[in-house]
Amino acid sequence: MSLPPLFGPAFDADPYPAYDWLRRNAPVTKVPLPGCEAWLITRYADAVTALTHPALAKDPALGSPEWFRAQLGLPLDHRSTLARHMLNADSPDHPRLRRLVSAAFTPRRVARLRARAEDLTEGLLAVMAAKDEADLIADLAYPLPIAIICDLLGVPEPERAAFHHLASVIDSAAASEIDQLAAATDGLERFLGDLVAHKRTHPGDDLLTELVRRPDISPEELTSTAFLLLIAGHETTVALIGNGLLALLRNPGQFAALKKDPSTLPDVIDEMLRYDGPVRNATWRFPTEPVVIGGQEMLPGEPVLVSLLAANRDPEAFDDPDAFRPGRVDEPHLAFGRGPHYCVGAALAKIEGEVAIGGVIRRFPDLELATDDLVWWPSNIMRGLFSLPVRLHK
Ligand code: HEM
């Protein structure tokens, strides 16, 4: 029984048949990935067990030497000033860091970000309206979330272009472009370190200012947290808008239904997250002791990935899982994870998705895909498109 290929353009174009095969034949199995082997978990019930398992830890220092070598040079390489954040932490650091950030996501701040997202989207759509064709990634999905992260962190206006540039290299460089990635990561490390220092002397009404005032977070944790919010909050939201609009354009019946009743938008967004979500695999986990899931024993240090895409198409959890069908009454999807590391920014992400996707279909009700020739990011963790060319008008 040989495994189907789990990376490459053909897999990326439609990974779901391979995930279906894995769920049926090898639901918890070791798979070869570039540079190392990892356990891959594909069934919904096993995914929930793994994401909530107390002996599957997040600290990268627990990873095997083989895994560690395979990560060197990647953006989340173990630079201490960028890696000391909650998604790499276990108790007691994880709940401390998570509480600090969650407390700074006040309803008032989130409401303000919605208003900002609406203004920004209006501006971006107005620019697009002058054209016949547009790229929904470059023209909308990419610029909106990065501007929102800049607001959240309080990046001063004159610094934003430099910040965008560094973030875009990290977002789009292939893993093989190690030198470029390393230079951009170093640049971002300096940028965020300077930003944290700036907030101490020039406080603003932003999340970073709130964090620098707290005595219970170290300077390295502050820079790392800013880095995490940038990475976790940016590419994911780009992919929600891109993958979500692609699903809608490929399901014209659902597109028509949404235009007829726009109040169903939150359900449509939720189904977009389940059907083809932004996070392919949850981030790395490492057993701290032998852990048995799905009858397989995973040993300490062996890297473990939970396939959120596969779990979200499990027929044991979702009726007719390959259908794009908003308004489901199945299990909750796992696009934002589950358990202690459940996405801190889920509410904000949904707001951005609603504003961007709602805005684009209101403004361009005749929107159509301009090509089926789409290129996906070559990432182990993320699932998103480099571009999404569309015709805007009939
Ligand atoms: C549609 C967009 C988004 C998706 C699909 C998404 C998905 C996820 C997932 C799956 C995790 C858990 C990863 C794991 O357990 O390995 C996570 C964690 C996280 N997300 Fe999101 N995310 C999105 C947007 C955002 C935004 C906008 C922010 C903040 C601005 C954010 C901040 C975070 C943080 C800080 C964590 C770490 C939580 C922890 O370790 O306790 N995310 N996200």
Side-chain angles (χ1 to χ4, degrees), residues 41 47-48 50-53 56-60 76 83-91 93-105 109-110 113-114 116-117 141 144-155 167 206-208 211 221 224-245 269-286 303-309 311-312 332-357 380-384:
I41 297 177
V48 170
L51 294 171
T52 53
H53 203 294
L56 285 182
K58 298 289 297 137
D59 181 354
L76 288 175
R84 305 258 337 259
H85 55 66
M86 70 181 94
L87 197 48
N88 279 346
D90 302 299
S91 248
D93 291 330
H94 174 259
R96 172 176 56 84
L97 293 169
R98 186 174 167 105
R99 257 197 312 274
L100 286 169
V101 171
S102 308
F105 262 97
R109 177 159 293 130
V110 174
L113 290 172
R114 178 190 277 276
R116 263 293 276 167
L144 175 66
I146 188 95
I148 295 291
I149 301 284
C150 284
D151 276 17
L152 186 70
L153 296 178
V155 178
D206 54 70
L207 186 143
L208 214 49
L211 292 182
E221 288 171 338
S224 297
T225 298
F227 184 67
L228 172 66
L229 288 169
L230 167 69
I231 298 293
H234 182 220
E235 280 184 300
T236 47
T237 315
V238 175
L240 164 60
I241 299 169
N243 303 3
L245 280 166
I269 301 282
D270 211 52
E271 178 65 346
M272 288 169 168
L273 285 158
R274 181 200 71 86
Y275 179 78
D276 203 9
V279 182
R280 176 189 297 280
N281 297 314
T283 53
W284 299 103
R285 284 164 165 75
F286 310 97
V304 178
L305 288 174
V306 177
S307 171
L308 304 180
L309 295 189
N312 280 338
H333 64 69
L334 299 179
F336 289 117
R338 179 68 69 87
H341 293 277
Y342 181 83
C343 180
V344 168
L348 175 61
K350 286 193 221 173
I351 287 174
E352 290 183 60
E354 282 178 26
V355 170
I357 293 170
N380 213 357
I381 300 292
M382 300 296 302
R383 172 158 175 84

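Remember, it's 1-based here, ligands and their atoms both numbered in the order they're listed. Predicted model only: the values in this text are computed from it and were never measured.
With a heavy-atom cut-off of 4.0 Å, L228 touches ligand 1 through its side chain alone. Neither the backbone nor the side chain of H85 comes within 4.0 Å of ligand 1, counting heavy atoms alone. Residue L308 touches ligand 1 through its side chain alone, judged by heavy-atom distances below 4.0 Å. Contacts between R98 and ligand 1, counted as non-hydrogen atom pairs separated by less than 4.0 Å, involve the side chain only. For K350, no heavy-atom contact with ligand 1 is shorter than 4.0 Å. In L87, the parts holding a heavy atom less than 4.0 Å from any atom of ligand 1 are both the side chain and the backbone.
Some N or O of T283 is nearer than 3.5 Å to an N or O of ligand 1, by distance alone. For a threshold of 3.5 Å applied to N or O pairs, the pair formed by Y342 and ligand 1 contains no separation below that value. By the 3.5 Å distance cut-off applied to N or O atoms, K58 is not counted among the residues near ligand 1.
Ligand 1 is approached by V279 to a heavy-atom distance shorter than 4.0 Å. Not a single heavy atom of P145 lies less than 4.0 angstrom from ligand 1. Within the 4.0 Å heavy-atom shell around ligand 1 one does not find R338.
Without hydrogens or angle criteria, R98 side chain to P340 main chain gives a donor-acceptor distance under 3.5 Å. D90 places a side-chain N or O within 3.5 Å of a backbone atom of D59 that can act as its donor or acceptor partner. No donor-acceptor pair closer than 3.5 Å links the side chain of D206 to the backbone N or O of V155. N243 places a side-chain N or O within 3.5 Å of a backbone atom of D276 that can act as its donor or acceptor partner.
Scanning all protein heavy atoms for the shortest distance to atom 19 (C) of ligand 1 gives C343 CA, 3.7 Å. Among all non-hydrogen protein atoms, the one lying nearest atom 11 (C) of ligand 1 is F336 O, 3.9 Å. If you check which protein heavy atom lies closest to atom 40 (O) of ligand 1, you get H341 ND1, 2.7 Å. Nearest protein neighbour of atom 25 (C) of ligand 1, counting heavy atoms only, is A232 O, 3.4 Å. Scanning the protein heavy atoms around atom 27 (C) of ligand 1, the nearest turns out to be G233 CA, 3.6 Å. Nearest non-hydrogen protein atom to atom 3 (C) of ligand 1 is T236 CB, 3.3 Å. Counting protein heavy atoms only, atom 36 (C) of ligand 1 is closest to V344 N, 4.1 Å.
Proximity to H94 (heavy-atom distance under 4.0 Å) selects the following atoms of ligand 1: 39 (C), 40 (O), 41 (O). Distances below 4.0 Å separate heavy atoms of A349 from the following atoms of ligand 1: 1 (C), 2 (C), 24 (C). Contact atoms of ligand 1 toward L240: 1 (C) (distance under 4.0 Å to a heavy atom of the residue). Ligand-side atoms of ligand 1 in range of A282: 14 (C), 16 (O), range being under 4.0 angstrom from any heavy atom. Near A335, meaning under 4.0 Å from one of its heavy atoms, ligand 1 places the atoms 5 (C), 7 (C), 10 (C). Of all atoms in ligand 1, numbered sequentially from 1 with element shown, those under 4.0 Å from a heavy atom of P340 are 41 (O). For ligand 1, the atoms lying closer than 4.0 Å to a non-hydrogen atom of R285 are 14 (C), 15 (O), 16 (O).
V344 is listed as a side-chain neighbour of M86, based on a closest heavy-atom distance under 4.5 Å. Side-chain contact between L152 and R109 is present, with heavy atoms from C-beta onward closer than 4.5 Å. A 4.5 Å side-chain heavy-atom check between I351 and L113 finds every atom pair outside the cut-off. Taking the side chain as every heavy atom from C-beta outward, L273 and I269 approach each other to under 4.5 Å. Between L144 and V238, every side-chain heavy-atom pair lies at or beyond the 4.5 Å cut-off. Between L51 and R285, some side-chain heavy-atom pair lies under the 4.5 Å cut-off. Between F286 and L56 there is no side-chain heavy-atom pair separated by less than 4.5 Å. Using a 4.5 Å heavy-atom cutoff, the side chains of K58 and H94 are not in contact.
Of all the heavy atoms in G353 and L240, the pair that sits closest is CA-CD2, 4.0 Å.
Between I241, L207, L152, T225, it is L152 that holds the heavy atom closest to atom 30 (C) of ligand 1.
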Please lay out, stage by stage, how L97 and H85 fare under the test side-chain contact (heavy atoms from CB on, under 4.5 Å). CA-CA 7 Å; L97 293 169; H85 55 66; 5.6 Å; no

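The residue from V279, N312, L309, V306 that alone fulfils the side chain to side chain contact (heavy atoms under 4.5 Å, CB included) condition with L334 is N312.
Using cut-offs of 30° and 60° for the angle between ring planes, the F336 and H333 rings count as tilted.
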